[in-house]
There are 2 protein chains.
Amino acid sequence: MDVQGSFLDQLFDRGLLIETGVDGLYGRSGVFEDVIARFDALVTRYGEADGAEVMRFPPGMSRPHFEKSGYLKSFPQLAGTVHSFCGDDQGHARIIECLATGEDWTGEQKATDVVLTPAACYPLYPVIAKRGPLPPEGRLFDLQSYCFRHEPSLEPTRMQLFRMREYVRAGTPEQVVDFRESWLERGQELIKSLALPMKVDVANDPFFGRAGRMMKVNQRDQGLKFELLVPVNSEESPTACLSFNYHQNHFGQTWGIATDAGETAHTACVGFGLERVALALFRHHGLDVKTWPKPVRETLWG
Amino acid sequence: MDVQGSFLDQLFDRGLLIETGVDGLYGRSGVFEDVIARFDALVTRYGEADGAEVMRFPPGMSRPHFEKSGYLKSFPQLAGTVHSFCGDDQGHARIIECLATGEDWTGEQKATDVVLTPAACYPLYPVIAKRGPLPPEGRLFDLQSYCFRHEPSLEPTRMQLFRMREYVRAGTPEQVVDFRESWLERGQELIKSLALPMKVDVANDPFFGRAGRMMKVNQRDQGLKFELLVPVNSEESPTACLSFNYHQNHFGQTWGIATDAGETAHTACVGFGLERVALALFRHHGLDVKTWPKPVRETLWG
């Protein structure tokens, strides 16, 4: 905790991150953003030859799509729904009064059709489904968006609002497993080119509650999730900077996505935690990008 | 409405925007994003000589800061608060049951410390205040973020989640008025370089309710807000693509920002609606960027 606190404090002192008074919610300096942009461009170079279709979704998605996705079954604690005031002058007067007296005014707010995007790929699946059966070669998408997870933390690597870059593959089990294998290799090359220490390990998502315990065990036993871990907060608990996820037919079934042969499509994704990689770089190479090792600077800035 | 509907449909058909089932909430194609990025870079070139400090905030901000900002007094209908589930296995079971039976499950959600950013500059003012009195020359900031406004619409120019680029000036009334004057000129040059028709007009913000009517009149009478308008949906109701706002001492007083001389600081901002400018370009130059006029292509792509 002390070490984590002090890395976060160093980032604040240096102005790389900017405090807002809410844990896990920070502004970014121009330098921090430039590192993110350069790493994002590096990911593009590694994936370029595959010809993925680029889509960019805003940080919120359709609530009906979100409800259908199954996210609330697995991770209700992390979701963020967007609520708005739909009242009249009287309701407005009550809000103003509550604010003046320090009472909770949010009771006037009603859920809208928008929820915050929990992972960059969640808005994509209904779009794939709408296009009809996949072509024989399947499909490949390139995504990036701000994502929200309600988990306030003092670890700088656990932000409530952060950016995730993703490649998402939809196709036959073979196509999808090949995709994940190739990114398991590429991901390690990519992080090596940044001179960061790492290991790859099997992992599980933070499934909620009692029922979630078995889901974690199953996910690990089946090797559905791997993470590329870099020590940032501590050596003992390294940080997942990339993840490699095989969803089997989960999204294909949920959304009715069919392969060219009429089978339920399988999907997989590789995700890059952009803030986490930037933080790993600042942690290992120092808070002044001008003093980063020359090969790392060349990899990022060319 | 027919014309608007058909421009939105054209954008969907062409794949430039991607439907989500929620009005005003769209995915963007790679081409659409490239236009946004190029225009964003053009704004940077116009502002470069001023040496603004770059900050980037996520699409959400601190709820306590938001409450203090005064936004709820003026625009309660547009705000979006973020709510999360903080319960246990029983609460989770209720959510799952509601989802299964089609009942409203959002009653389990509680307001978090996060609200969606309503305009790129809202998270900035408490950061300026925290730094203490302004230096004699004042301060200048460069911002950009996704913003949320709860106003579902079929006009493609009125999105619920959209990006706003801003320059924000804090200083003496003279410094701040000079800044706004110079951007009123630059903004027109910039839009002329994109061969878009335009006019500049006095404007008002959408203040809420009965009390809001007088605020609209006052804002217009005092010339506090100007907009650069480009016809996109129709000639009769052109779209505000840039706005030039003089806040007088509103934020300085709210946040306790002092000038070097110990007076309450004044602030002003120029805002660029990035999606709106992109839509204006597609409207006037066609849906295929390769056929845009050569001078426009050179301005954007160099």
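Protein chains get the first letters and strands the later ones, always in sequence-line order, with residue 1 at the start of each.
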Original post:
Picking from A/G80, A/A111, A/P59, which has the most non-hydrogen pairs under 4.5 angstrom with chain B?
Top reply: A/P59

Subject >> Residue pair A/F57, B/Y26: steps toward the ring-ring contact (aromatic ring centres under 6.0 Å, His included) verdict >> reply: CA-CA 7 Å; A/F57 292 92; B/Y26 310 119; over 10 Å; no

**OP:** With the side chain counted from C-beta on, respond yes when B/Y146 and A/L161 share a heavy-atom pair under 4.5 Å apart, and no when they do not.
**Re:** no

Original post:
Relative to chain B, which segment of A/D88 carries a heavy atom at a distance below 4.5 Å: side chain, backbone, both, or neither?
Top reply: backbone

Original post:
Side chain, backbone, both or neither: which part of A/M61 has a non-hydrogen atom closer than 4.5 Å to chain B?
Top reply: backbone

Original post:
Are any of the side-chain heavy atoms of B/T106 and A/R63 separated by less than 4.5 Å?
Top reply: yes

Subject >> Pairwise distance CD(B/Q109) to OG1(A/T81) - rounded to 0.5 angstrom >> reply: 3.5 Å

Original post:
Side chains of B/H150 and A/F85: does their closest heavy-atom pair fall under 4.5 Å?
Top reply: no

Original post:
Checking A/P76 against chain B: side chain, backbone, both or neither under 4.5 Å from a heavy atom?
Top reply: both

Original post:
Taking atom NZ of B/K73 as the centre, does the number of heavy atoms from other residues, nucleotides or ligands within less than 6.0 Å exceed 12?
Top reply: no

Original post:
Counting only heavy atoms not in A/E97, do more than 12 fall under 6.0 Å of its CD?
Top reply: no

Original post:
Under a 4.5 Å heavy-atom cut-off, does chain A meet the side chain of B/Q160, its backbone, both or neither?
Top reply: side chain

**OP:** Mind checking the CG-CG spacing from B/L116 to A/L116? Nearest 0.5 Å is all I need.
**Re:** 5.5 Å

Original post:
Do A/E33 and B/V54 have side chains that get closer than 4.5 Å, going by heavy atoms?
Top reply: no

**OP:** Taking the side chain as every heavy atom from C-beta outward, state whether B/R56 and A/F32 have any atom pair closer than 4.5 Å.
**Re:** no

Subject >> Rounded distance (nearest 0.5 Å) linking atom OG of B/S84 with atom CZ of A/R149 >> reply: 12.5 Å

Original post:
Any side-chain heavy atom of B/P58 sitting closer than 4.5 Å to one from A/L25?
Top reply: yes

Original post:
Taking every heavy-atom pair that is under 4.5 Å apart, which of B/Q77, B/K68, B/H65, B/E67 has the most such pairs with chain A?
Top reply: B/E67

Subject >> Proximity breakdown for A/H83 and chain B, heavy-atom pairs closer than 4.5 Å >> reply: both

Subject >> Which atoms of A/K130 approach chain B - backbone, side chain, both or neither, heavy atom under 4.5 Å >> reply: side chain

**OP:** Hey, could you give me the CD/CG distance between A/E108 and B/L72, rounded to the nearest 0.5 Å?
**Re:** 11.5 Å

Subject >> Contacting region of A/V82 [heavy-atom separation from chain B under 4.5 Å] >> reply: both

Original post:
Nearest 0.5 Å, what's the CD-OG distance between B/E19 and A/S62?
Top reply: 11.5 Å

Original post:
Quick one: what part of A/V114 sits under 4.5 Å from any heavy atom of chain B, side chain, backbone, both or neither?
Top reply: side chain

**OP:** For B/R210 and A/Q90, work out which heavy atoms get closest and say how close.
**Re:** NH2-NE2, 4.3 Å

